[in-house]
Every structure is written in C-alpha cells, then in structure tokens.
Amino acid sequence: MYKFKEIESSQQKKWEEKKIFNTDSYSNKKRYYVLEMLPYPSGALHMGHVRNYSIGDVVARYKRMQGFEVMHPIGWDSFGLPAENAAIKRGINPKDWTDENISQMKLQLKKLGFSYDWSREIKTSSPSYYKWNQWLFCKMIEKGLAYREKAFVNWSESMQTVLANEQVEAAFCSGKGDDIVQKELTQWFFKITDYAEELLSGLDEIDWPENVKIMQKNWIGRSEGVELELDIPGFDSIKAFTTRLDTAYGITFVSISKSHWFIQHLGDEVKNFVKQTVEDKDGGRGIFTGHYAVNPFNGERVPIYVADYVLDYGTKAVIGVPAHDIRDWEFAQKHGIKVREVIVSEELPNAEKGILTNSDEFDGMTSDKAIEAMLSKMSHLGLASKKVNYRLKDWLISRQRYWGTPIPIKYENGIELDRELPVELPEDVEFSGSGNPIKTSKSFGDSRETDTMDTFVDSSWYYLRYLDSNNEREIFDGEIEKHWPQIDLYIGGVEHAVMHLLYARFIHRVMSDLGLTTKKEPFKRLLTQGMVLSNSYYNKRDNKYYFPKDLPENLDDFDVKMEKMSKSKNNGVAPEEMADKYGVDAVRIFILFAAPPERDLEWNEKGIAGAARFLNRVHQLVEEFEVKEVEEDSELLRKLHYTIDKVTNVMETNLHFNVAIAALMELLNTMYEKRDFLNLDALMDFLKLLSPFAPHISDHLLQKLGGQFFIKESWPEVDNRYLKREVLSVPIQVNGKHRGVIEVNDNMEKEQVLTLAKEAVSKYINGNIKKEIYVTGKIINFVV
RNA sequence: GCCGUGGUGGCGGAAUGGUAGACGCGUCGGACUCAAAAUCCGAUGAAGGCAACUUCGUGUGGGUUCGAGUCCCACCCUCGGUACCA
C-alpha cells in the first residue's frame, strides 16, 4: 500500500504554507461560492460531516480548476442547548465546553484536508458575531418586523423551563410528563408571515430539488377560501376559515384552537383542558365549550369545540363538516356529532367536490358554482369575505435559555432597544437546571430582557458574514456582497429542508429590503445530502447497544439494524480512525462512491478498503510510468475522452460522484491493460479528473511528474473526434423480448439494417411480421 | 395524523421509455509463494439443462406502450420533517 500518511500530511503542509485556498474577496475573476451547512460543535466530527464537506470540497476544487475564484469558508454554529445541558450536568461553563469542542473538531477537519479558507472562520457564540444578530433585531424592530405577543409553550413546573416537543415526548415516555402544562408567556416574534407570499413565489427562481420546494410550499400552506362569520349568542361573532363554502349547509360543529380569544370567556373545565399537555396529539382530542354558534345560512345552532387539531393560524377556528371532510368525520364520530350530507355522495365521508343537496336554493349547483353564489349572498350581508390563508406562523424567537444571543431590550421605561451592542452574555450565572440561568446574574441588570434568541437566527445569515468576517464596523462590506451576492451551491442534510432554509430565505429578504443584499434569494442551488447509516447491534437480553468490536460470534440475541450513526446506538464510525487506517483520500473516495449524494449511505469498511485499493493502483501506475514515444491507441483515447465527458457532465449537472468515480475506475482498468500505449498527456488528464476526489495523492503524483497543485491546473477538455464509433451494436427484440444483437455501420440504411436483423433472429419470427420498429442506432423491435 | 423521500443480485449501487445489474464489495476458482498476507487473472441474478439454450426476475396489484426499474392509478413497508435538537 502506498504511504498515504506521509503523502497526506506533507501535501496538507504545502497547501497551508502556500495558502492556496484563501479567497480574494475583491477578485475580478469568475466567482463561485460553495458552502456546506455550518456544523454544531458537538465535540467530534462524524461521518455525516465528512460526507457533507467532501461533496463541497470536490465542487470547490473542480471550480478552481475551471478558473473560478472560489469562496469556500467554514465556521461554527456554536450556540445551543447541548452546551447548556453539559453545564447543568457536569458543571462546565458552556463557553469552555464549546470552545474545547471547536478546537478538537478543527483539528479533525484540518487532518481531512478540506480546501477551506480558514481566515474567514466564524463562531456564532462570539460577541463579534452575535452583536450583528442584535443589530439585525434592532433593524427588524424599526421595520415593524419584530413584536411581542403571548403564546403557549410546554412548561415544566419542576424544571421551571420551556420544553421542546421532543423533550415533552421523552418525558412522557419515561413517565415524567405529569408536571408539563401549557403556559402562556409573552415572547418575541419575527413577522415571517409578512413574507409568506414572497417566500412562496421566490421558490420559482431557484434551482432546488423539487421535493424541498414542495415541502416549503406546503409548510407555507397558502389556501384561498372564505372567512365566514358565525354569531355566538351573547358574545362577539366568531370567524372561521373554509375552502369549501359549498358545504356550509353541512356544518354541524365549529372547532377553535387552544389559543382562541373565546376561551377567556369559558369555564375552568375548558381552561384546564387547554393547559393539559398530552402525548398523543392526534387522537381527535377535543372538548365541548357549552356554547353554540349560529350557521348564517340556515340559522342552525351548532356546538363549539376546542380541539387539538385546529392549528394556531389564521382565524384559529374552522367549521366542521363531517360528511365532507375526513378529519371532521373522525372528530364527529368520536364526539357523537351529527352528520349531514350536502354533496350528493355514494358513501360518506366524501371529500370530493360535486352537486349540492340539502342546501336550499343552492341545491343542484356544482361545488364551484355554489361557492360563488353562497359567497355573494353572504358578502351582501357582510358575513363572509374572500380570504387567502397561510399555514405559516410567525417565528417565535424567544428562548428562556442561557446559551444564545441576548435579545437587546431594556424595560426601564417601557420597551426600549438597547443600542450599546453587543449586549454580552453575563458570566456570573448558575446552572441549577431550574429556570433561566441569566436570571441568576447580578451583573446583567434587573430591567433587561433575559430571553435569548433561537439559534436559527444565527444560522440565517452567517454565509454573508463569511464574506467579511473580521469587519468590526459593519455586518459586512456592501462592496464585497455585490461581488458575491448568492451562494452558488449550498449543501446540507435534508432534515433542514424546511425550517433552517425557510428562515434563512426570510432573513435574506429582510436584509434585501434593508438594502444590505442585492439578491432576494440566498441559495441559488441546493443539494440535500442523505444520512450516513451503519449497523447497530441491540442485545435483546440486556437491552444494550453493543459496539461492533464487542460482539460475540453468535448474533441470535441481537437486533441488527441499519440506522443513522449515533453515540447512543454505539454504531458511529470515527473518521480519523478510518483516515489512519486507509488514508483520507480513501475515506473521501468511498464516501462519495458508495451512493449518490442525496441518498442515505450505508457504511461498510470493506468498501473503504476497495477505495484504498483503487488509489494504490493509481499510485502504482504512475510509479511505473515512463515518458516515452508510444503509438496512439484509439480504444484508450476513446475511453479517456468518454471519461472526461462523463465526469465533466456529473460536475455540471447532478453531482452524482458515485458514477464519476466508477468511470474513473473503468478508465484506470483500461489504462492498466493498455499501459504500453499510455502517454503523459493521457495520464495527466486522468489525474486531473481524479484530483477533486482524491486531492492528496493526486497532488503528490503531480509533483512527481513535475507539476505543483492541481487546483492551479486547468480541467481537461473533451475532444469529440475520439468519441465517434463507426460500428454500433444494436439489440434486437421480438415482441419486446431481447433476442439478439447485430453490428451495423453508422451510415447503414434502415432497410439494410432491418434485413440483417431479420436474418439474425429469423427463428423467432416465423415469417409474419406485423410491425417493425427501428430507433436509429438504438434498438430494433419486431412485432409478430 | 399531515408534508416529503426511498424500495433493483448475497451487499452498496448503475441504467435520456430501448440489451436490467456499469463500477465496487463479497464469494468461488486459478497464478505467484515453503506457506500466509498482499498483488494479479477469471467466473459470479435465480431456476432448469451435458450443452446450445429456455423460463423467471427491479416492494405488491392493476394500467398505458411495439417496448416499463423508468410513465399513470391503488396499496404495503422504510426513512426525514412536523415550528424550543441542530
């Protein structure tokens, strides 16, 4: 095996010495900005990171070879819950814990040889970064895009803190869910709903995977419908949204959400129901309020329920038509609510549009006609209006936690912005596990906001800070932003498809409206990568996950599953261990080869050995190579140019590096067979193609052949002359079944080809051909 | 529940509607070696057959088409997200 350790560390040293990955912010070359989602410093780099950064690194190196000035930065998303938990559990300061993790992970990253411009590194937990979060917050207040409002949260009485839904679930699982209530707190929000329409239409301008666009579309959830007013005798009327006004005669109940204004008028039973937190949100849970609303169409009194399934958006109230809505049907079944058919149906429930019945003068109309007619009648009475509704809620950014950006607000004389930025996190705090630690600080002051910001705020604009990360006067220099207005390619896990990516798009638009950015959309192209999985071994006898090295011969007692690598399942594979054993380049090659980037990847140590073998063969070939006059070999040249074409295509289109690497392996095999005909140019072209994937060995071999660094070389070009084939083999089918192959000249006439084909498969034809299909050069099919 | 993903040999995967299984792993056989490792060469979807070859085969059931892994409909399973994990 080639000496990968020596080669890798010496190449990395050379790269660092020459600072060849640093980016000129003001470069006048063509520019390309490739970015991987910034990591949370959990303490150790995992294979998911390696995969993410390898994908980005390949693109960065390829683009450099194409003559682009490439921006490829890295930093740390270093605020967040785990640091605070470590503080509570082990008495470590969150800052120390975080910084220690960062320095460890940085070391690991450097050993993996990614082509980052480290001079741009950022850390979101440093005041020089979060200062600008606070500055943005102030701007948003000025713009009317941040406001304070009451909202329900999961509140743990014993811990005196807010819990995430995930934590609530965990608490219920371990039988500790009893003290969790729904509590109303006054909190800060960002008005993302003001941008709902833009965020929706903006999706059309970006080159993102269709499924991610659809998820965002559905999350925003635009629906056109009607807001209908129903009277509650003795109270204000209630407004309910519906997209199916045609079913209004079928209303047999009304449901409101748990934060609806009407609840304040209700008794303790309902209020207690609202406070309860239960595990199962989807069981059609609801309670009758004791009040009725009047259906303006027929004057009928229908019961009002508070129901879990009504989301806190829009009017927070929906009409219940069990006959024609499946969820309403289930709710009605559970609560014994009556059902009335108003769309002619064979069977109930029936959610399809159709012809109306039981609907007075609207009987016999189609749904669409009826919606118009019914809306017109009600709007004359002032009881209904057309309305566009969104599922998207405003973004609650307040967190009752320590390790985040302090919200820069003082409450001395009402609500006041604190303009002396940064408002730094106090260090004289206690981590007792109960309440917000900031409240224990003496230095922080009594009149300040003690909530911190959601960490999604940090990660919503960090890519802009990279442009000018050491700027102390401004969030970034506008001139540099004009040079690098968008991320050309953004790479990260599909788990961020909605929240992070939607928040970032929102903040970017806000910044654009503030005149800070020149484009509306931050990420021109998105690649969502799959997870890295490996086998986990769960022992059914002692209920523990075993490390693979601790397994017995006999696995009868074990549940073996392929799942996401994680600490708790003892199935993680440490990148540095693999790099030590097989080399960094082999790790990269394997992780890129084992699956296309967007798919989940199954870890397999045998596979990485295969990658190392491949690189060893490359090394061997170059070691044995001598520069001398050789004859041209058309097959070798065709293979070479076919591979250049293939790899370039992958780079320019879908980034399916697994296919590109397979092509490189095929080329290597051909070059081995034909090594007597191999010249320096061909060998060099092969190494160029390989270099983005396996940069250490490639640069090492280049230096042996008299060059320097591949990112300073130019990407090879296809010569179409070599790709042409004179003889094509065309498969023949009879009735769609493969029956043979013939070789034809590329200039042969159709008739001649068919005659030859008939001869070749005569025994399957028996004379009577009904139809002949010939797709030139591709396929022949006879129907008999 | 809702929104989205995926399902192809023993395994990871490849395949603009046109020869299913490229490439790699594993396995088997051979070469080299005193031997082993490494390396190199060859075979490898399943069933039947001495063989030529035949039949079957891309989660399940239907459909469109000369032709479907690929398009359409229904279903099953899997994974991600679900607004305070990041």
(request) Have a look at G4(B) and give me syn or anti from its glycosidic angle (syn if within 90° of zero). (result) anti
(request) Rounded to whole angstrom, note down the P distance from C77(B) over to C23(B). (result) 37 Å
(request) Kindly indicate whether the side chain of Lys737(A) and the base of U55(B) share any N or O donor-acceptor pair separated by less than 3.5 Å? (result) no
(message) Whole angstroms only, please: what is the CD-P distance between Gln216(A) and C3(B)?
(response) 17 Å
(request) Measure from NZ or CZ of Arg148(A) to the centre of the six-membered ring of Phe189(A), then state whether that distance is under 6.0 Å and the direction lies within 45° of the axis. (result) no
(request) Could you measure between the two C1' atoms, the one in C53(B) and the one in C66(B), and give it in whole Å? (result) 25 Å
(request) Report yes if at least one side-chain N or O of Asn218(A) is closer than 4.0 Å to OP1 or OP2 of C2(B); otherwise report no. (result) no
(request) Taking only the side-chain nitrogens and oxygens of Arg613(A), find out if one of them lies under 4.0 Å from OP1 or OP2 of C23(B). (result) no
(message) I want to check one thing: is the phosphate of U54(B), taken as OP1 and OP2, less than 4.0 Å away from some side-chain N or O of Arg739(A)?
(response) yes
(request) Say whether Asn535(A) and Asn571(A), considering side chains only, have a donor N or O and an acceptor N or O under 3.5 Å apart. (result) no
(request) Rounded to whole angstrom, note down the C1' distance from G45(B) over to G57(B). (result) 8 Å
(message) Can you measure Arg617(A) atom CZ to A38(B) atom C1' for me and round it to whole angstrom units?
(response) 14 Å
(request) Kindly say if Tyr764(A) contacts the phosphate of U54(B), meaning a side-chain N or O under 4.0 Å from OP1 or OP2. (result) yes
(message) Please classify the nucleic acid contact of Arg391(A) as base, sugar-phosphate, or nothing, using heavy-atom distances under 4.0 Å.
(response) base
(request) Kindly say whether, by distance alone, the side chain of Gln733(A) makes a donor-acceptor pair under 3.5 Å with the base of G18(B)? (result) yes
(request) Return the value, rounded to whole Å, for the distance between atom CZ of Arg599(A) and atom C1' of U78(B). (result) 13 Å
